[in-house]
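Working notes, beginning with the structure itself.
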Number of protein chains: 4
Amino acid sequence: MTPQDPIQQEKYTAIIEAAFKVFARDGLHKGKIADIAKEAGVGKGTVYEYFRSKEEIFTAILNQFFDLIQIGLDEVNHLEIPADQKVRMLLELNLDWFKTTTTEEALIVTEIWAQGLRSFYIGQPDDALILRYRKIQSTMMSILNQGVTDGVFRAVESETLAILLMATLDGIGLHFLMNQSLDIEKLKRVTIRAFLEGILVRPNSTQPQE
Amino acid sequence: MTPQDPIQQEKYTAIIEAAFKVFARDGLHKGKIADIAKEAGVGKGTVYEYFRSKEEIFTAILNQFFDLIQIGLDEVNHLEIPADQKVRMLLELNLDWFKTTTTEEALIVTEIWAQGLRSFYIGQPDDALILRYRKIQSTMMSILNQGVTDGVFRAVESETLAILLMATLDGIGLHFLMNQSLDIEKLKRVTIRAFLEGILVRPNSTQPQE
Amino acid sequence: MTPQDPIQQEKYTAIIEAAFKVFARDGLHKGKIADIAKEAGVGKGTVYEYFRSKEEIFTAILNQFFDLIQIGLDEVNHLEIPADQKVRMLLELNLDWFKTTTTEEALIVTEIWAQGLRSFYIGQPDDALILRYRKIQSTMMSILNQGVTDGVFRAVESETLAILLMATLDGIGLHFLMNQSLDIEKLKRVTIRAFLEGILVRPNSTQPQE
Amino acid sequence: MTPQDPIQQEKYTAIIEAAFKVFARDGLHKGKIADIAKEAGVGKGTVYEYFRSKEEIFTAILNQFFDLIQIGLDEVNHLEIPADQKVRMLLELNLDWFKTTTTEEALIVTEIWAQGLRSFYIGQPDDALILRYRKIQSTMMSILNQGVTDGVFRAVESETLAILLMATLDGIGLHFLMNQSLDIEKLKRVTIRAFLEGILVRPNSTQPQE
DNA sequence: GATGAATGAGACTTCATTCAT
DNA sequence: AATGAATGAAGTCTCATTCAT
């Protein structure tokens with residue numbers, strides 16, 4: 001999907017970034033291909049050399065976003081630290097994403113995601129939104145299971161809990177999007193306690209001091 | 001905003017319902033005013049007697065959705081039952097919504113909501129998305145505070161916790177949207193336990209048996 | 001297909017005439033819908049109220065042309081004159097068409113006709129080019145048969161001869177299109193003699209004096 | 001116009017043949033240069049080494065077609081046979097062309113020819129369509145005149161009759177294009193008789209027995 | 001000479017909105 | 001109030017042609 005030639009790869013990236021910028025500024029539907037091309041410093045036709053349609057640009061942006069999430073998640077998972085630390089890091093990771101992302105950008109991801117739900121993701125066999133989420137879920141489950149195995153967590157329904165975890169993280173993200181004045185640190189603390197103290201951590205295991 | 005004359009009121013409702021149907025079928029941007037008019041059994045021009053623009057129809061649909069949520073919430077809040085029961089009911093209420101709503105309809109609400117985030121809600125003083133959420137939040141806080149006052153809940157940061165509760169409910173909704181095969185009952189149970197057993201309920205208060 | 005309301009009918013005609021003019025000036029593929037709209041004094045969108053696509057305008061023009069041909073043919077056929085006179089008139093009619101038609105217009109009809117051969121006519125069940133021709137052929141056959149019955153013509157294979165007649169008329173039209181300096185009167189005379197003296201007229205019937 | 005170097009000549013021919021194939025398949029305007037290049041096994045840019053534009057390819061195809069016609073015509077003309085035999089052969093030659101040509105190919109020639117009438121042929125001094133036809137006409141006249149000189153034909157206006165002959169042949173071709181179910185043999189017979197028996201052959205000359 | 005990535009003018013068509021009836 | 005014919009801005013995408021390699 002992505003070109004192999006480094007020069008082309010560069011242009012491919014430039015177009016995605018330009019698209020991201022334009023969509024963030026003008027919205028998903030008001031953002032014109034012409035502007036993306038101009039922003040990327042290429043001709044209008046060139047955009048169509050790299051993407052078959054506007055929707056394919058949407059998909060590419062969303063995939064890039066999920067790549068980022070998944071990479072962060074995998075990095076955390078591969079660390080040699082206790083599972084409860086990993087869960088803590090996940091929450092931090094997720095909530096900190098908003099600090100390095102402008103609201104406009106976050107809105108765009110959300111908008112693409114919502115619009116994508118309808119048409120070009122669900123029902124498509126490969127690379128679909130649902131598969132991306134399933135991958136995230138399975139990584140989270142692996143962390144939870146590790147915790148149970150290590151005796152750090154109580155026995156939990158890791159599958160359902162992983163979904164709850166994902167859902168909570170997404171939900172917090174959305175609400176932060178809507179209400180930037182949210183005290184994100186306080187929210188982080190409460191959420192972490194909800195999951196660690198409340199559900200996961202064994203009564204007699206080492207409590208995180210906060 | 002809504003007309004007072006019953007005949008007009010009827011037409012107003014018919015248009016919203018038609019719009020809902022058309023959007024659910026064709027998507028937010030592919031759904032045409034002409035089709036809405038036809039579906040509602042009125043002329044194209046008539047739609048513009050009731051709504052200034054297509055976006056205003058979006059807003060109306062979203063408001064209707066929030067009215068529904070808020071009404072349910074208020075009903076629960078006004079019941080003469082312990083706070084923990086209320087929290088439990090909230091969760092039930094929210095997750096059961098999906099049983100009476102088709103995926104297409106839920107998608108439309110999500111799509112409008114996401115698109116609305118950008119343009120026609122945020123930044124608008126009245127009736128804005130954020131105000132609707134603040135109202136929800138305040139109702140939830142009132143329930144949480146009642147619980148603390150009644151000694152059912154531990155002392156909690158009710159403001160932050162209300163946000164977490166909202167966020168979790170929204171997150172679960174979204175994930176259910178993406179993955180209909182989710183075991184919603186199991187998820188409900190886990191979520192309720194997370195909130196009640198884990199965070200809210202006092203160690204020595206009556207535990208809900210499940 | 002054509003609108004019934006007289007005001008709309010007028011607009012419909014205006015658009016066809018405008019299209020004819022624009023195509024004649026700029027060619028079939030260079031002729032822009034925008035120019036047709038401007039020429040017709042309507043908005044671009046209005047063109048699409050009356051025609052679903054550019055091709056449908058092509059078809060309409062071609063049909064109008066065939067209507068004209070067929071009407072003239074029918075008029076001749078319904079006259080109370082001998083069959084040989086009718087054949088003579090047919091030839092006159094056909095060749096005189098070019099005197100009231102500009103080359104540009106004739107070219108457009110030819111261009112549409114040729115392009116039409118390929119895509120939007122052949123293979124379509126109703127109103128197709130071939131049906132229009134079959135109608136013409138049948139009218140010609142009726143004239144030829146009348147001549148045989150009346151004893152003016154020798155016994156002829158009227159079906160094949162009708163085709164030859166059509167083909168000859170079309171061929172002459174085309175060559176006149178390509179070579180305006182053709183002496184059309186001389187051509188008319190020769191053609192008429194070829195058909196009447198040569199093939200059709202009985203040796204002992206009254207010879208047309210020329 | 002055509003390259004001299006045999007390797008280049010080969011490529012030149014390959015491109016024309018590829019163009020013919022692509023146009024026959026996709027139509028004149030839908031047929032893409034890119035596809036022609038691919039079909040010819042060369043790069044897109046290479047096409048432009050051999051042809052200045054898409055229109056020049058049209059011209060080349062049409063010229064090739066006329067070369068074919070003219071060559072056949074000359075061959076017949078150079079035979080040592082009576083003029084009436086030559087006319088008969090001309091008709092056979094022309095009508096038999098359709099047996100070795102697919103409809104799609106014939107359509108393409110027609111389409112190019114019609115489109116060519118407008119823009120790139122008429123008005124151009126060299127190699128124009130009209131010159132090609134004049135050449136054909138002059139060959140035909142030479143045959144007709146030979147017949148008169150030899151006493152096989154009556155005295156005829158050979159110039160006008162040559163045009164009529166050309167026109168008839170073209171007309172028959174077009175109608176055969178539109179109606180493949182035409183009984184071409186019967187048509188051939190009728191046409192030959194029309195010209196030979198009817199107009200050309202002297203009353204006391206040897207009649208062709210059929 | 002050969003190539004094909006890049007280009008951008010331009011076209012068709014859609015559809016929210018208006019407004020005369 | 002109701003209508004729907006008319007509108008035209010706007011947008012996506014195509015594809016002939018160019019030109020650096």
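Letters go in sequence order (proteins before strands), and every chain restarts at 1.
Taking 4.5 Å as the limit, every side-chain heavy atom of C:Ile57 sits out of range of all side-chain heavy atoms of C:Tyr50. For the pair C:Thr110/C:Leu177, a side-chain contact is recorded, criterion being any heavy-atom separation below 4.5 Å from C-beta on. Put simply, the side chain of C:Arg25 reaches to within 4.5 Å of the side chain of C:Val22, judged on heavy atoms. Residues B:Thr59 and B:Ile112 fail the side-chain proximity criterion, which asks for heavy atoms closer than 4.5 Å.
Residues meeting the side-chain hydrogen bond (donor to acceptor under 3.5 Å, both in side chains) test with D:Ser53, sequence neighbours left out: none. Annotation: ring-ring contact (aromatic ring centres under 6.0 Å, His included) contacts of C:Phe51 (sequence neighbours excluded): C:Tyr12. For C:Glu17, there are no side-chain hydrogen bond (donor to acceptor under 3.5 Å, both in side chains) partners two or more places apart in sequence or in a different chain.
The side chain of C:Ile33 approaches E:dC12 more closely than any other nucleotide in the set E:dA16, F:dT17, E:dC12. Side-chain atoms of A:Lys32 lie closest to F:dT12 of the nucleotides E:dC12, F:dT12, F:dA16.
In this structure, CG of B:Leu28 is placed 14 Å from C1' of E:dA16, rounded to the nearest angstrom. The NZ atom of B:Lys54 sits 8 Å away from the C1' atom of E:dC15 (whole-angstrom rounding). Counting to the nearest Å, the P atom of F:dA16 and the NZ atom of C:Lys30 are 12 Å from each other. In this entry the distance linking CD of D:Glu10 with P of E:dG1 reads 17 Å, nearest Å. When rounded to the nearest whole Å, the span between NE2 of C:His29 and P of E:dC12 equals 11 Å. As rounded to whole Å, 16 Å separates atom P of F:dG11 from atom CD of A:Glu55. As a whole-Å value, the separation of A:Asp35 CG from F:dG11 P is 8 Å. If you take NZ of B:Lys38 and P of E:dA16, they are 13 Å apart, rounded to a whole angstrom.
For the helix from E:dA2-F:dT21 to E:dT21-F:dA2, the terminal axes (five pairs an end, C1' atoms, rotation from four pairs onto the next four) enclose an angle of 0°, given to 10 degrees.
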Only pairs under 3.5 Å count here: list side-chain donor-acceptor contacts from residues 27-40 of chain D, not counting sequence neighbours, and write none if there are none.
unit_1: D:His29; atom_1: NE2; unit_2: C:His29; atom_2: NE2; d: 3.0
unit_1: D:His29; atom_1: NE2; unit_2: D:Gln115; atom_2: OE1; d: 3.1
unit_1: D:Glu39; atom_1: OE2; unit_2: D:Lys21; atom_2: NZ; d: 3.3

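B:Phe65 contributes atom CZ, which lies 11.5 Å from atom CD of B:Glu105 (distance to the nearest 0.5 angstrom).
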Look for any protein N or O under 3.5 Å of an N or O in nucleotides 5-7 of chain E and output each such pair with its distance, or none.
unit_1: E:dA6; atom_1: OP1; unit_2: A:Lys11; atom_2: NZ; d: 2.8
unit_1: E:dA6; atom_1: OP1; unit_2: A:Tyr50; atom_2: OH; d: 3.3
unit_1: E:dA6; atom_1: OP2; unit_2: A:Tyr50; atom_2: OH; d: 2.9
unit_1: E:dA6; atom_1: N6; unit_2: D:Lys44; atom_2: NZ; d: 3.4
unit_1: E:dT7; atom_1: OP2; unit_2: A:Gly43; atom_2: N; d: 2.8
unit_1: E:dT7; atom_1: OP2; unit_2: A:Thr46; atom_2: OG1; d: 2.1

